[in-house]
Amino acid sequence: MGFAVSSPSVFALLDGNNFYCSCERVFDPSLNGQPMVVLSNNDGCSIARSDEAKALGIKMGAPWFQIRHLEQTAGLKAYSANFELYGDMSHRMMTMAETLGCGQEVYSIDECFLDMTGIPDATERARRKQAEILQGIGIPTCIGIAHTKTLAKLANHIAKSADRKPGSYPPQLGKVCNLAEMTDRQRDWLFNRTAVTEVWGVGPRIGKQLNAAGIHTVLNLKRLDPATVKRNWSVVLERTVRELNGVSCFSMDNVPEPKQQIACTRSFGQKVTALAELKEAVTEFAGRAAQKLRGQNSQANAVLVFIHTSRFRVQDKQYAKSITVPLRLPTADTLRIVGAALMGLERIFRPGYNYAKAGVMLLDLQAATVAQQELDLGDDARETEVRNGRLMAALDALNDRYGRGTLKLGSALVEGRDARQRSRWVMKQERRTPRYTTRWDEVMAVT
DNA sequence: TCTGGGGTCCTAGGACCC
DNA sequence: TCTGGGGTCCTAGGACCC
């Protein structure tokens, strides 16, 4: 019997380049090479930028009204976010990416970790997978490979920079960068020319503190004593330092855990002052949140509702308030959840303000097990639960089949208002492309 | 005029208990 | 006059992520 040599973990991080922009480009190739941005809800600010838009100096989160002039002067193209399209494209990309490793953790809409432990020729396989995804669904990707998740994220950053910023790193590290196959010297050489703020887990706040302490590069941070880091910063940053040194502290999360809280919050298309309109919005948000809750087979024990004015309108009187309404029994019933949210809204509403945003959050979630449905209710109450359960299932099935918002509660409309008239709170989306892949009536026509 | 949305984890501090 | 200490649970707020 030979020795069981356990090879060290190898993680890959695959992500779609400028993902939302790339999705739009798949369906409109004339956008290739053009400066373009995808805008947040309400066409508020830029949440995705093509390389060409980045080159124009457009920052992540830049308010649209501040960069809008570039439409005329630089040919900038802008699109309202089309999350239904991006979600579907994401699913296709993740399905193809999965077979690169022997385990996959979908980390966000545009990136996933893959377990490549013990897989030979990781770099070559990664390059083949990348070509396959580009050919199959048209999304360009970058892949970072290393012995820890933090290092894989860093490798991914190097792969991107080497590809797009000539001179930043050796060009052969472009698109796929495998730190696991390098020597310590080679890695440190790269770390020495990478800013500490690029490290996963180092945000603006900690970045500033590290800089003030003379820590400017990844190599500087890697060489700090973990105990000192824990004392001066936190256990979180301590783990990051260990990970930079090749000690894996974050493992793969192959099966997604159910969410511990579920939110639906929106900024309004226009300022809202009337309680009736806030009720309409909160009814809608609570309904959406309840649907997500049922989607992961959970129940909530509390509902939080908040409203606030716009901090950017300095001339306005400001008001912000939230309230948590406990539910008597854990539930996923839209009617109960909406009821609790509206009760909370009535409590915190104050007249005389220009409201800019509201939201509903479901808290203290638990699994909706059979045992909980068998709670000791009276016959009438149990009958109501069962009836509502069937009603909710029917609601979800219809909305699932015919598109979100096909069927909603009557109270989601302000009484007396013409149903065809748009409410003030509904978000503005003036630049959305068709939902090519998920709506029959918006499928691309090939002529 | 116009500034997103949805999450997680950690920590400090208060309430409460013995 | 002297005025403990350790544990747990909960919540609010901060920091980070995409």
Side-chain angles (χ1 to χ4, degrees), chain A residues 13 15-20 37-49 58-69 71 78-83 86-87 90 105-113 149-150 153 156-157 197-210 230-231 233-240 249-250 253 256-271 285 288-289 292-293 296 301-302 304 306 308-316 320 322-324 326 354 356-365 424 427-431:
Chain A
L13 182 86
D15 77 343
N17 301 349
N18 313 328
F19 188 67
Y20 299 164
V37 292
V38 171
L39 303 173
S40 65
N41 284 337
N42 286 315
D43 298 339
C45 44
S46 151
I47 53 171
R49 306 155 293 155
I58 297 172
K59 301 279 179 243
M60 181 66 177
W64 171 234
F65 72 92
Q66 285 175 6
I67 56 174
R68 175 165 213 160
H69 62 278
E71 253 185 322
Y79 295 88
S80 302
N82 188 344
F83 291 115
Y86 310 151
S90 170
E105 175 186 338
V106 175
Y107 180 68
S108 74
I109 191 162
D110 72 333
E111 64 190 292
C112 63
F113 286 103
K149 281 182 157 183
T150 303
K153 291 281 283 187
N156 178 274
H157 164 77
T197 47
E198 300 296 345
V199 173
W200 190 39
V202 176
R205 191 74 174 251
I206 303 216
K208 222 169 251 170
Q209 292 169 10
L210 287 170
K230 182 176 180 181
R231 190 158 13 89
W233 282 277
S234 66
V235 294
V236 184
L237 195 64
E238 181 201 10
R239 283 198 286 256
T240 298
C249 303
F250 307 118
D253 190 3
E257 294 293 311
K259 304 258 183 276
Q260 298 174 35
Q261 55 183 57
I262 285 173
C264 183
T265 71
R266 290 281 180 283
S267 296
F268 302 140
Q270 301 168 62
K271 300 302 160 248
F285 300 163
R288 288 254 187 100
K292 287 190 213 171
L293 183 70
Q296 69 163 28
N301 280 287
L304 179 149
F306 73 82
H308 67 68
T309 51
S310 169
R311 67 183 189 281
F312 297 108
R313 290 170 66 101
V314 288
Q315 70 276 25
D316 279 8
S322 76
I323 188 172
T324 301
N354 289 325
K357 184 171 179 174
V360 172
M361 297 169 75
L362 306 180
L363 310 172
D364 199 359
L365 308 188
R424 300 174 61 81
M427 68 181 175
K428 206 166 56 181
Q429 268 201 326
E430 293 168 349
R431 301 158 167 270

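So you know, we letter chains A, B, ... as the sequences are listed, proteins then strands, and number each from 1. Quick note: numbers below take in every heavy atom, side chains included, and nothing from hydrogens, waters or symmetry partners.
- The side chain of A/I47 lies closest to B/dG4 when the candidates are B/dC10, B/dG4, B/dG7.
- Atom-to-atom, NZ of A/K149 to C1' of B/dC9 comes out at 14 Å; the value is rounded to the nearest Å.
- Partners of A/D253 according to the salt bridge (charged side-chain N to carboxylate O under 4.0 Å, His left out) rule, which considers only residues two or more places apart in sequence or in another chain, do not exist here.
- Residues passing the salt bridge (charged side-chain N to carboxylate O under 4.0 Å, His left out) test with A/K357, sequence neighbours excluded: none.
- One distance of note links CD1 of A/I109 with CG of A/D15; it measures 12.5 Å at 0.5 Å rounding.
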Counting primed atoms, P, OP1 and OP2 as sugar-phosphate and everything else as base, the B/S/- map of nucleotides 13-18 of chain C against protein heavy atoms under 4.0 Å is --SSSS

Which nucleotides of DNA chain C pair, in dot-bracket form (Watson-Crick or G-U under 3.5 Å, | meaning another strand): ....||||||||||||||

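- Not one side-chain nitrogen or oxygen of A/R239 sits closer than 4.0 Å to the OP1 or OP2 atom of B/dC9.
- Taking 4.0 angstrom as the limit, A/K357 places a side-chain polar atom (N or O) nearer than this to OP1 or OP2 of B/dG5.
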Quick test: give all pairs of protein nitrogen or oxygen and nucleotides 1-3 of chain B nitrogen or oxygen below 3.5 Å, distance rounded to 0.1 Å.
unit_1, atom_1, unit_2, atom_2, d
B/dC2, OP1, A/R313, NH1, 2.7

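- At a threshold of 4.0 angstrom between heavy atoms, the contacts of A/I262 are confined to the sugar-phosphate backbone, with no base atom among them.
- Taking A/R431 as the reference, A/E71 meet the salt bridge (charged side-chain N to carboxylate O under 4.0 Å, His left out) condition, with sequence neighbours excluded.
- Distance, A/L363 CG to C/dT11 C1': 12 Å, rounded to whole Å.
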